[in-house]
Every structure is written in C-alpha cells, then in structure tokens.
Novice: 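The structure is given below, and queries will be raised subsequently.
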Amino acid sequence: MLHQTVPQERLEQVAAAGQGEVFVSATDVVAGLIVLGVAGVVFAGLVTVVIARRAVRPLGDALRVQRQFVADASHELRTPLAVLDARLQALQRKITGGAATADDKVTADLARLRDDSRALIDIVGDLLEAAGGDSSAASTMSDPVHLNDVVEDVLRSMSVLADERDVALRYDAAGFALVDAPTASLRRAVLALVDNAIGHAPSGSTVTVSTRLERDSAIITVTDEGRGITGIKPTRVFDRFARSDPAPENTGTNAHASRPSFGIGLALVREVALRHGGSVRVAATSPTGTTLELVLPASNQGT
C-alpha cells in the first residue's frame, strides 16, 4: 500500500537502478483486506458463541434446579393432599349415612372444603406436569373447558378472602366460551388474577371479573379499584419476582393489612397463557384502578 503512494517517476528510477522492489496492485490489496475482514468476523463470531455458551450455562443449570424443585415439591404434596381429600370424603359419608351429625352450614362448608382439596390436587398435578417431572402426567387433549364455570368456581373460593378484606366480587359474563386448556391451568391463572386484584383493592371497593368472546379468543378481564400500578413499569408486572409498590393499609374498623406479595402470581399467569397459546397484559391502570386482561384461544368446537 505504501508503494502505491510512491510517484511514478520514483518507481521508474528504482527500476532503472536495478534495485529489487515488489509492487502489489490495488486489486490485490482490496481482495486481501476483504479476506482478512471476513476471517476477523468469523473469528469474532466463534469467540462470541463460546463466551455466550459459558454465560448461559449457569442460567440453564438454575432453570433445571428450579424445575426439579417444583417437581419434587409437587410430588411430595400429592400424598398429604390425597389423604386430606380422603378424610373429607369419609367425613361426608359419615354425615350422609347418619354416623355423624352436622347442621346445614357445616355440611355446606365441608362440601366446599372438599372442592378446594380437589382443586389443590389438580393444581399440584398441573405444576408437576409443567415442570416436566412426571412423565405419566403427560398432557392429553381433553374436552374443552367452560370458561364461565371455572370463573364462577374461582369466585366462590375467593369469596372468603374478599369478605375478610371487605371487598365485593362481581361477575359479568358477556359470552359463554369454551377453551382448549386444562381446568387446573385455567383455574390457576384466573385465581392468581383475582387474588392479585383483591390484594390491591381498598376496603369497601369492588373487584369485577368479566368474560367475553371476540372472534377466536376468549377474554377474561379482572378490574380492581386500587390506586393503580406504581413503582414499576406496567409491562414488567408479569416478570418473576417483580413487585409494584404495596397498597397502603386501610384504616378504621374494617382495616386489614396488605398481604405480602412475592411477585410470582402474575408470572405464573403469563406462563399458563403462553403455554396454551394465549397472552396476558395490563389493559389499563390509573389512580382509580387497574384492569388485567387474559386472552386464550377459544375452542374450535363451538360454544
């Protein structure tokens, strides 16, 4: 390249003097630079791949440990939950058969406890399947789930927590949709949304749950009357361990301390939604309340 900058007269003088010089054409220089550039890019790419693999390996190990923990914990919970359900069933049989006595309220509460225990068993099985820890629990195509039935069941279960916080639950069903998702997974997602809303709802307010069918999607919206999402971007509330500012504690005779949040519930909602081809988002948030929206594909078997 330096020789190319030498004047032509100088080159002729060097040649006439018989001095040995080597001259390279500009085409050869450009071609050499291109080859070196490509080689440099390839080398840098290989180095990047090696570094990236080393950096990602701890994340993969952490994910495997997490899945193993969920699988182990879920598997260990199966037996005591099955025992609990069996004891509740036995008590129901004694009351029905006359071996034990109970008034109507106790009988109704016992029936709800049995429903809750079966729901817990389903949730544990769903967690175990999601973690990949139970090959025998491989998901199979089941009948479509009636979305309204799941929502109504969740609201019945959560009414106890809502009453404790003096929060009213309202359900608006604008459509009757079928969803191709396991009942346990769907119940987990809806329950987490309602639980989150109750946790941020002030005393005396209302949490509204609504369902509707739009085109090929079943949509569940949960709205609270809290102060909105603060201290964190709304797009991050579904990240694991992400938490917004806690709701202020209520004062007065109906005061209830805010329940601690660990930033896991809404992350589980997103995992359930993505696993079944859906999505979840913050539809609206303001000082007057927040609306979360869960969208799942509607069953093609009709409504």
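All residue numbers in this chain count up from 1 along the given sequence.
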Novice: Quick test of your reading of the model: are E271 and R188 salt-bridged, counting only N-O distances below 4.0 Å?
Specialist: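 No, E271 and R188 are not salt-bridged.
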Novice: Treat each ILVMFWY residue as a node, draw an edge where side-chain heavy atoms are under 4.5 Å apart, and state whether V282 and L193 are in one component.
Specialist: yes
Novice: Rounded at 0.5 Å granularity, tell me how far CZ in R236 sits from CD1 in I229.
Specialist: 11.5 Å
Novice: Following the transitive rule for hydrophobic clusters with a side-chain heavy-atom cut-off under 4.5 Å over Ile, Leu, Val, Met, Phe, Trp and Tyr, establish whether I121 and L91 coincide in one cluster.
Specialist: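 Not linked; separate clusters.
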Novice: Kindly compute the distance separating OG1 (T107) from NZ (K105), expressed to the nearest 0.5 Å.
Specialist: 11.0 Å
Novice: Going by the rule side-chain hydrogen bond (donor to acceptor under 3.5 Å, both in side chains), which residues pair with E225 if we only count those two or more places apart in sequence or in a different chain?
Specialist: none
Novice: Working to the nearest 0.5 angstrom, can you tell me the gap between E164 CD and M158 CE?
Specialist: 10.0 Å
Novice: Could you check whether any side-chain heavy atom of T290 comes within less than 4.5 Å of a side-chain heavy atom of H200, counting everything from C-beta outward?
Specialist: no
Novice: Is L155 linked to I220 within one hydrophobic cluster, defined over Ile, Leu, Val, Met, Phe, Trp and Tyr using a side-chain heavy-atom separation of less than 4.5 Å?
Specialist: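 Yes, because L155 and I220 connect within a single hydrophobic cluster, where side-chain heavy atoms sit under 4.5 Å apart.
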Novice: Please name all residues satisfying side-chain hydrogen bond (donor to acceptor under 3.5 Å, both in side chains) with R112, sequence neighbours left out, ordered by chain then number.
Specialist: D109
Novice: How would you list, by chain and number, every residue that makes a side-chain hydrogen bond (donor to acceptor under 3.5 Å, both in side chains) with E152, sequence neighbours excluded?
Specialist: none
Novice: Group every Ile, Leu, Val, Met, Phe, Trp and Tyr by side-chain heavy-atom contacts under 4.5 Å, then state whether V272 and V194 land in the same group.
Specialist: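 As far as the 4.5 Å side-chain criterion goes, V194 and V272 are not connected within one cluster.
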Novice: Quick test of your reading of the model: are D172 and R212 salt-bridged, counting only N-O distances below 4.0 Å?
Specialist: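 So D172 does not pair with R212 through a salt bridge.
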Novice: Kindly compute the distance separating CG (D115) from CG (D85), expressed to the nearest 0.5 Å.
Specialist: 9.5 Å
Novice: Grouping I, L, V, M, F, W and Y whenever their side-chain heavy atoms are under 4.5 Å apart, do V150 and L161 come out in a common cluster?
Specialist: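 Yes, V150 connects to L161 through the hydrophobic network.
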Novice: Quick check: does any side chain N or O of S117 sit under 3.5 Å from a backbone N or O of L84, one acting as donor and the other as acceptor?
Specialist: no
Novice: More than 12 foreign heavy atoms under 6.0 Å from CG of D103: is that the case here?
Specialist: yes
